[in-house]
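Side chains are part of it too, since the values below use all heavy atoms of this structure and drop only hydrogens, waters and symmetry mates.
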Amino acid sequence: MKLDLYTLYVGHVTTFVLMTTILLLIGLRYRQEQALRIWGVAGVLACAGIALIALRPYLSPWLGVGLANCLLFFSLMLTWIGGVALDHAQLPWRPGLLLAGAVSGAFLLLPFGAEAFAWRILLFSAAYLLFHALLWRSLRRSPHQARLGYRLGRLIVLLLMLTYSVRLLYSSAVSSGWLANSALFAYLDYQAMWLEYAKLLCFIFICFERLEIRLYQQAMLDSLTGLANRRAFHEQAEQRLADYPDAPVALLVMDLDWFKRVNDSHGHLAGDEVLVHFATLLDRHFGHFDAVYGRNGGEEFSVLLSGSAVPHAPVLAETLRQTLAAAPITTSDGNTLRQTVSTGLVVAARGRTPLRELFLQADLQLYAAKEQGRNRVCVSAL
C-alpha cells in the first residue's frame with residue numbers, strides 16, 4: 001500500500017486541529033494549568049504550519065515551505081517551554097526564542113526547490129531532536145518525574161526522538177528525488193503523527209494527574225495552617241499504628257487556651273494568625289521526629305509519636321508549651337497578645353492500642369490540664 005504524503009498531511013491537520021482545540025479548552029477551563037495553554041498555542045502553530053504544507057501546491061514557496069516550517073519550529077519551542085511550565089519554574093523564553101529563531105533563519109537560507117528537500121528534512125529533524133531532548137530533560141528533572149504521566153511522557157518523547165533519528169539518518173543516505181517518493185519516509189511520518197497524538201493525550205493526562213493530586217491535598221490539608229486536617233490525621237495515625245504494632249506510641253491532644261477571647265477581642269484575622277503561629281511551632285518541634293500531626297479543627301491540634309521519639313514526648317510537649325507562652329505574638333494590625341496551650345498526653349507501650357482509646361485517654365488528660373488552671377501538660381500511661 002502506498003502512503004501519499006499529501007493525504008497524510010490533510011488527515012494529520014484535521015485530527016490535530018480537533019485535539020488542539022480540546023487541549024486549549026481544558027487549559028482555559030483550569031487556569032492553574034499554564035502548561036496546557038502553552039501546549040495549546042504550540043498546537044495552533046503546528047496546525048497552521050501543517051495546513052500550509054498541505055496547501056503547498058497552491059501557495060508560493062515562501063508560504064508553503066518557508067513560513068510553514070518556521071511555524072513548526074516555534075511550535076517545537078513552545079512544546080519544550082510547556083514542559084518546563086509544569087513545575088511553575090521560570091520559563092526559558094529568551095533561549096527558546098533564540099533557538100527557534102536561529103533554526104528558522106537557517107531554514108530560510110536553504111533553497112525552496114526539490115534539490116534541497118533532503119537538506120530541509122535534515123534541518124527539521126535535527127531541530128525536532130533538539131527541542132524534544134530539552135523536553136525529555138525537563139520531564140526527567142521534575143520533582144514529580146516518578147509519576148505515571150511523567151514516565152509515559154518520557155517514553156513517548158524517546159520514541160519520537162528515535163523515529164526522527166531514523167528519519168534523519170535515512171534522509172542523509174538517499175537522494176532528494178528518491179526521498180520524496182519513499183514509502184519508508186511516508187511510514188516514518190505516519191508513525192510520528194500517531195506518536196504526536198499520543199504525546200498530546202499524555203500532556204492532558206499529566207495535567208489531570210496533577211489536578212487529582214492537588215484536589216486530594218486540598219481535601220486532606222487544613223487550608224489555613226497547611227497541616228493535615230482531622231480526616232488526614234486520623235488516616236495517617238491509623239496507618240502508623242498498623243505499621244508499628246509493637247512499638248511504643250504517644251498521643252498529644254492540644255487546645256489553645258481561651259481562644260474564643262482572641263477572636264472576640266482582636267478579630268478573626270488575629271485568631272487565624274495565632275493558629276498559623278502555633279502550627280509553625282508544632283512543625284518546628286515535631287517535624288524532626290517523623291511524627292504525625294495536624295489540626296483537628298478549631299483551636300485543637302494532635303500529634304502522634306512512635307518508636308524512639310516516645311520517651312521525648314513529655315519534654316517536647318513542655319518545651320512547646322513554654323515556647324508559646326514566652327514569646328508574645330504580634331498580629332498584622334500591630335496588636336500584641338500572649339497565647340498559652342493546654343496539652344493532654346497519653347503514652348502506650350504498644351501501637352496495638354486503638355486510636356480511639358488513645359484519644360479518649362488523651363482527652364481526659366486535656367480536661368485535667370484545663371481544670372488545673374490551663375497552660376500545662378498532663379500525662380498518663382496505658
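- Identified under the side chain to side chain donor-acceptor pair (under 3.5 Å) test for residues 264-277, with sequence neighbours left out: Lys260-Asp264, Glu273-Ser332.
- Annotation: ring pair (Phe, Tyr, Trp, His ring centres under 6.0 Å) contacts of Tyr293 (sequence neighbours excluded): none.
- In this structure, the side chain of Ser342 engages the main chain of Asn375 through a donor-acceptor pair within 3.5 Å.
- Pairs engaging residues 295-331 under the ring pair (Phe, Tyr, Trp, His ring centres under 6.0 Å) rule: Phe278-Phe301 [sequence neighbours left out].
- Residues Leu227 and Leu282 are in side-chain contact: their nearest non-hydrogen atoms beyond the backbone lie under 4.5 Å apart.
- Between Trp136 and the options Val157, Leu155, Ile156, a side chain to side chain contact (heavy atoms under 4.5 Å, CB included) holds for only Val157.
- Distance check: Gln322 CD to Leu324 CG gives 11.0 Å after rounding to the nearest 0.5 Å.
- Judged purely by atom type and a 3.5 angstrom limit, Thr330 has no side-chain atom pairing as donor or acceptor with the backbone of Gly334.
- Just one of Leu252, Val249, Val347 meets the side chain to side chain contact (heavy atoms under 4.5 Å, CB included) condition when paired with Leu305; it is Leu252.
- Side-chain atoms of Asn69 come within 3.5 Å of backbone N or O of Val65 as a donor-acceptor pair.
- Annotation: side-chain contact (heavy atoms from CB on, under 4.5 Å) contacts of Gln365 (sequence neighbours excluded): Cys378, Ser380.
- For Trp62, the ring pair (Phe, Tyr, Trp, His ring centres under 6.0 Å) criterion is met by Phe112, not counting sequence neighbours.
- Not counting sequence neighbours, the partners of Asp255 by the salt bridge (Lys or Arg N to Asp or Glu O under 4.0 Å) test are Lys370.
- Looking only at distances, a side-chain donor or acceptor of Arg120 sits under 3.5 Å from a matching main-chain atom of Pro111.
- Atom-to-atom distance recorded for Leu24:CG and Ile38:CD1 is 11.5 Å, nearest 0.5 angstrom.
- Classification of the Tyr128-Phe124 ring pair by plane angle, with boundaries at 30° and 60°, yields tilted.
- Between the side chains of Asp222 and Thr225, at least one donor-acceptor pair of N or O atoms lies under 3.5 Å.
- Using a cut-off of 4.0 Å between Lys/Arg side-chain N and Asp/Glu carboxylate O, Arg37 and Glu33 are scored as not salt-bridged.
- Among all heavy-atom pairs drawn from Gln145 and Arg151, the shortest one is O-CG, 3.7 Å.
- Within a 6.0 Å radius of OH in Tyr244, other residues, nucleotides and ligands contribute 12 heavy atoms or fewer.
- Listed here is the closest heavy atom pair of Leu139 and Gly153: CD1-C, 4.0 Å.
- Note on Asp257 versus Arg338: no salt bridge recorded, every NZ/NE/NH1/NH2 to OD/OE distance being 4.0 Å or above.
- With sequence neighbours excluded, the residues satisfying salt bridge (Lys or Arg N to Asp or Glu O under 4.0 Å) with Arg321 are Glu318.
- In terms of heavy atoms, Ile53 sits closest to Ala68 at CG1-CB, 3.6 Å.
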Result block: side-chain N/O donor-acceptor pairs under 3.5 angstrom for residues 74-85, not counting sequence neighbours:
from	atom 1	to	atom 2	distance (Å)
Ser75	OG	Ala42	O	2.7
Thr79	OG1	Ser75	O	2.9

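- For Asp87, the side-chain contact (heavy atoms from CB on, under 4.5 Å) partners two or more places apart in sequence, or in a different chain, are Ser142, Pro143, His144, Tyr150.
- Remark: Glu209 engages no residue in a salt bridge (Lys or Arg N to Asp or Glu O under 4.0 Å) (not counting sequence neighbours).
- Clustering ILVMFWY residues whenever any of their side-chain heavy atoms sit less than 4.5 angstrom apart, transitively, puts Val44 in a cluster other than the one holding Leu18.
- Applying the side chain to side chain donor-acceptor pair (under 3.5 Å) test to Arg350 and every residue at least two apart in sequence or in another chain returns Asp246.
- Note that the NE2 atom of His132 and the NZ atom of Lys199 stand 3.0 Å from one another [nearest 0.5 Å].
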Worked check of side chain to side chain contact (heavy atoms under 4.5 Å, CB included) between Val346 and Leu382 = CA-CA 7 Å; Val346 60; Leu382 288 177; 3.7 Å; yes
task = Show the numbers, then the answer: is there a side chain to side chain contact (heavy atoms under 4.5 Å, CB included) between Ile204 and Leu23?
result = CA-CA 7 Å; Ile204 296 174; Leu23 198 68; 3.3 Å; yes
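- Counting heavy atoms of neighbouring residues, nucleotides and ligands inside a 6.0 Å radius, atom CZ of Arg352 exceeds 12 of them.
- A pairwise comparison of heavy atoms in Ala270 and Thr331 identifies CB-CG2, 3.8 Å as the closest pair.
- In this structure, Arg167 contributes its side chain and Leu122 its backbone to no donor-acceptor pair below 3.5 Å.
- The closest donor-acceptor contact from the side chain of Arg376 to the backbone of Gln372 lies under 3.5 Å.
- Summarising the geometry, atom CG belonging to Leu195 is positioned 13.0 Å from atom CE belonging to Met161; distances are rounded to the nearest 0.5 Å.
- For the atom pair CG (Leu224) and CG (Asn229), the distance works out to 12.5 Å, reported to the nearest 0.5 Å.
- Of all heavy-atom pairs spanning Thr353 and Leu241, the tightest one is O-CD1, 3.8 Å.
- To the nearest 0.5 Å, atom CD1 of residue Ile206 and atom CG of residue Leu152 are 8.0 Å apart.
- The minimum heavy-atom distance linking Ala317 with Phe286 is given by the pair N-CZ, 4.5 Å.
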Could you list the donor-acceptor pairs under 3.5 angstrom formed between side-chain atoms of residues 355-362 and any protein atom two or more places apart in sequence or on another chain?
from	atom 1	to	atom 2	distance (Å)
Glu357	OE2	Gln361	NE2	3.1

message = Please evaluate residues Glu196 and Met19 with respect to the criterion side chain to side chain contact (heavy atoms under 4.5 Å, CB included), reporting the C-alpha separation (whole Å), side-chain torsions for both, the decisive distance (0.1 Å), and the verdict.
response = CA-CA 10 Å; Glu196 286 288 345; Met19 296 189 71; over 6 Å; no
